[in-house]
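Written out below as structure tokens is the structure these notes cover.
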Amino acid sequence: MYKMVKAECLMLYGELKQYYMNYVFYNIGLLIIFMGIFYSFSDSDNGMALGMLYALVMWQLCMAALSYLPNVIQDEALMGTLEQISMTRTSIFKVLISKVIVSAIFDIVKASVLFFICLFLFNLQGLILEAGSINFLLIGIIIATFVTFYAFGLFFAGVALFYKRIHAIIQVISYALLFFTNITVSVDYLPAVIRIISNIVPISWAVRYINMILEGYHGQLNEIVMWYLVSSILFIMVGFIGFRVLLMRAKKLGKLAHY
Amino acid sequence: MLEVNRITKIFGKGDRSVVANKDISLSIPKGSIVGFLGANGAGKTTLVKIICNLITPTGGNVILHGKDVHKTPHIAHEKIGVMLEGARNLYNFLSLDENMQYFSLLNKLDTDNFLKNKKYLLDVFDLSDKSKTVVNELSRGMQQKAALIIALLKEPDLLILDEPTLGLDITSQITMKEVLKNSISKKENTLIICTHDLSVVNEVCEKVCIFNKGELKVYDSINSLKNESAYNNYSVVVKKSEKIMTYVSSQNIQNKEEGESYIEMNISNLEDLLSITAPNEIIKIEKNINNIEKLLTELAGD
Ligand SMILES: Nc1ncnc2c1ncn2[C@@H]1O[C@H](COP(=O)(O)OP(=O)(O)OP(=O)(O)O)[C@@H](O)[C@H]1O
Ligand SMILES: [Mg+2]
């Protein structure tokens, strides 16, 4: 595994050399979105402001995670390298896991930078110190949700084998998740259909979880934790099973490479 | 070593379905070099991908080293190295060197051996000064050679190359053929080459599979094809004599050219001619070897 991670670091380094400007602008874009959302939605009393910043960072990480594997599969199918990595002495699954490990570390570093910039920009240093060790619990929830979304992304990675414009779908999902999962507005105010769908998504529960912890209110905590776990497991299963089924189908149709 | 049993592959359904492979069976022993020939769309690439477990067949199975490739894909990953058609086997944003290193890690290659082979192959394909260049910026032929180098570095038991000489200049084609011959003769591995380049078949391959519209038409060694009487062709020049002239008219021999005292013609049955000519009547006998290309073209066509 160590060698595989090394190989993926090599890959990331090669990509960064070519596309580093994309990364810079992507993150400037995120900063602008965060600022816009924060100033429009955050309560004036600042009580929930830290929760919102955590939720925004989580959303951004989940989107990066969700789109990561579909993009990998799509790019590799186009380059023809998907067939090549399928044929190496390392299983494709291990290759994807190593890619995820490297990308996750890289994303967390980027998210931390963004987090600290926003922390000072929104003047939340005081709140974070006040929260103390609770912060670690919150970071734990964020990372767990982040990993869930990598797994969920496998489903779309499978779809990417057949449908070349997967990027468009993911874009739509990411906006839906930003506005319909308690990050900006509580889903309780949304139409019933959206509320039901929203409650299947682990992010909705993670945000409730985070807010509940920050408020120091433990009333419904057990219920929230349970639904958080159930929805996460559901998403992970959809990812793995979906990918397996779609990969098998792609091999039948000879679609491991897009020509 | 490799057994292909009754492989059938049908793409699509109903009216629009395409039969890419039709009930193909063949057995390739260890150490052989086999050329896959056939017109565009004959099903070569499809069969190769089925052997690699990149495409699931509609029927039949592939047995490699005694194991079903579809049920134990691991065996294919372990033992097969493949360069697929179209020079699309590399990460185009990485340099050649980075590509080699990446695949060496994924293929779990021994570092010392890898470095040694890498240097040798870069030298031999004249790419040493290009190893730091991003693949995007290499020429089409260079990309092809780079992909071949990566396939060779794996040192697989079964190496499969889909149109390896496509887009290569003449020197590189010659080098390619040399390297392929050497890589196989030194080690005890097997090579399958899909190609439209008959010189590759003639110079490198020992056996040839000829496909036509998904069916395997011919699977034979090049030498036995060369010996097939219908294509065993000699051009002879002999002195005219009564016996010869009767023989010629009785055999209905085409392509003859008569001079005043000699006759020049193409024949396939040398024994008959020798039995009626005295040695001093023979001016020239020459075997037409390059007919193999004509033969292959005929077999591969409709
Ligand atoms: N993924 C696919 N989906 C549908 N049809 C396919 C697919 N791949 C190949 N075919 C069809 O199968 C047939 C065989 O194609 P294949 O690529 O195996 O031919 P080939 O012998 O490699 O030809 P070439 O010499 O042009 O490389 C063709 O009719 C092709 O259109
Ligand atoms: Mg082909």
Side-chain angles (χ1 to χ4, degrees), chain A residues 1-23 71-72 74-99 102 161-162 244-259, chain B residues 9-13 18 20 45-46 48-58 70 73-95 97-109 111 134-136 143 147 150-151 154-156 160 162:
Chain A
M1 208 64 199
Y2 160 73
K3 281 205 167 164
M4 287 300 307
V5 169
K6 192 174 143 195
E8 293 308 331
C9 289
L10 179 85
M11 183 70 75
L12 178 65
Y13 174 68
E15 246 184 293
L16 278 178
K17 264 195 311 195
Q18 287 277 306
Y19 304 121
Y20 67 96
M21 272 325 236
N22 292 13
Y23 287 95
N71 284 338
V72 164
Q74 182 149 21
D75 291 350
E76 305 244 354
L78 278 171
M79 279 187 287
T81 45
L82 185 58
E83 291 181 315
Q84 283 301 318
I85 53 171
S86 310
M87 285 306 295
T88 65
R89 295 197 173 110
T90 309
S91 82
I92 175 107
F93 213 69
K94 269 196 192 157
V95 176
L96 293 181
I97 289 179
S98 336
K99 281 185 188 296
V102 174
L161 288 168
F162 302 91
R244 255 188 91 88
V245 170
L246 291 165
L247 186 66
M248 255 156 60
R249 205 175 145 61
K251 281 192 177 182
K252 283 216 179 83
L253 299 181
K255 292 234 175 187
L256 283 193
H258 296 320
Y259 288 110
Chain B
K9 180 68 201 179
I10 302 169
F11 286 113
K13 286 201 187 86
V18 178
T45 302
T46 305
V48 159
K49 289 192 180 177
I50 289 173
I51 293 173
C52 295
N53 190 38
L54 292 170
I55 289 182
T56 313
T58 313
H70 187 56
H74 153 81
I75 190 80
H77 304 159
E78 201 61 40
K79 306 289 183 195
I80 303 179
V82 61
M83 186 188 96
L84 293 162
E85 61 190 341
R88 304 167 44 118
N89 298 282
L90 306 172
Y91 288 91
N92 47 31
F93 55 85
L94 295 184
S95 72
D97 212 40
E98 286 163 336
N99 267 291
M100 289 189 288
Q101 213 178 332
Y102 181 73
F103 283 106
S104 85
L105 289 168
L106 262 60
N107 279 321
K108 305 178 178 166
L109 301 181
T111 315
V134 175
V135 169
N136 254 340
Q143 292 180 10
I150 286 173
K154 185 175 176 183
E155 302 195 298
I160 304 179
D162 202 345

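For clarity, every value in this text was computed on a predicted model and none was experimentally measured. A, B, ... follow the sequence lines: proteins, then strands. Residue 1 opens every chain. Only this structure's heavy atoms are used, side chains among them; waters, hydrogens and symmetry mates stay out.
Of the listed residues (A/Ser98, A/Ser86, A/Gly254), the greatest number of heavy-atom pairs within a distance under 4.5 Å of chain B belongs to A/Ser86. The candidate from A/Gln18, A/Lys255, A/Met248, A/Met87 with the greatest count of non-hydrogen atom pairs under 4.5 Å with chain B is A/Met87.
Looking at every heavy atom in both residues, B/Met83 comes nearest to A/Gln84 through CA-NE2, 4.3 Å.
Put simply, the side chain of A/Lys252 never gets that close to the backbone of B/Thr58: no donor and acceptor are under 3.5 Å apart. Side-chain atoms of B/Lys108 do not come within 3.5 Å of backbone N or O of A/Thr90 as any donor-acceptor pair.
Residues satisfying the ring-ring contact (aromatic ring centres under 6.0 Å, His included) test with A/Phe93, not counting sequence neighbours, are A/Phe240. For A/Phe162, the ring-ring contact (aromatic ring centres under 6.0 Å, His included) test picks out no residue, with sequence neighbours left out.
Separation of atoms CG (B/Leu106) and CE (A/Met4) is listed at 4.0 Å; rounding is to 0.5 Å. Going from atom CG of A/Leu253 over to atom OG1 of B/Thr56 covers 9.0 Å, rounded to the nearest 0.5 Å.
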Item to check | Test side chain to side chain contact (heavy atoms under 4.5 Å, CB included) applied to A/Met11 and B/Phe93, step by step | outcome: CA-CA 9 Å; A/Met11 183 70 75; B/Phe93 55 85; 3.8 Å; yes

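Only the side chain of B/Leu94 comes within contact range of chain A, with at least one heavy atom under 4.5 Å from a heavy atom of that chain. With a threshold of 4.5 angstrom between heavy atoms, B/Lys154 approaches chain A through its backbone and through its side chain.
Proximity of B/His77 to A/Arg89: side-chain heavy atoms (C-beta onward) are nowhere separated by under 4.5 Å.
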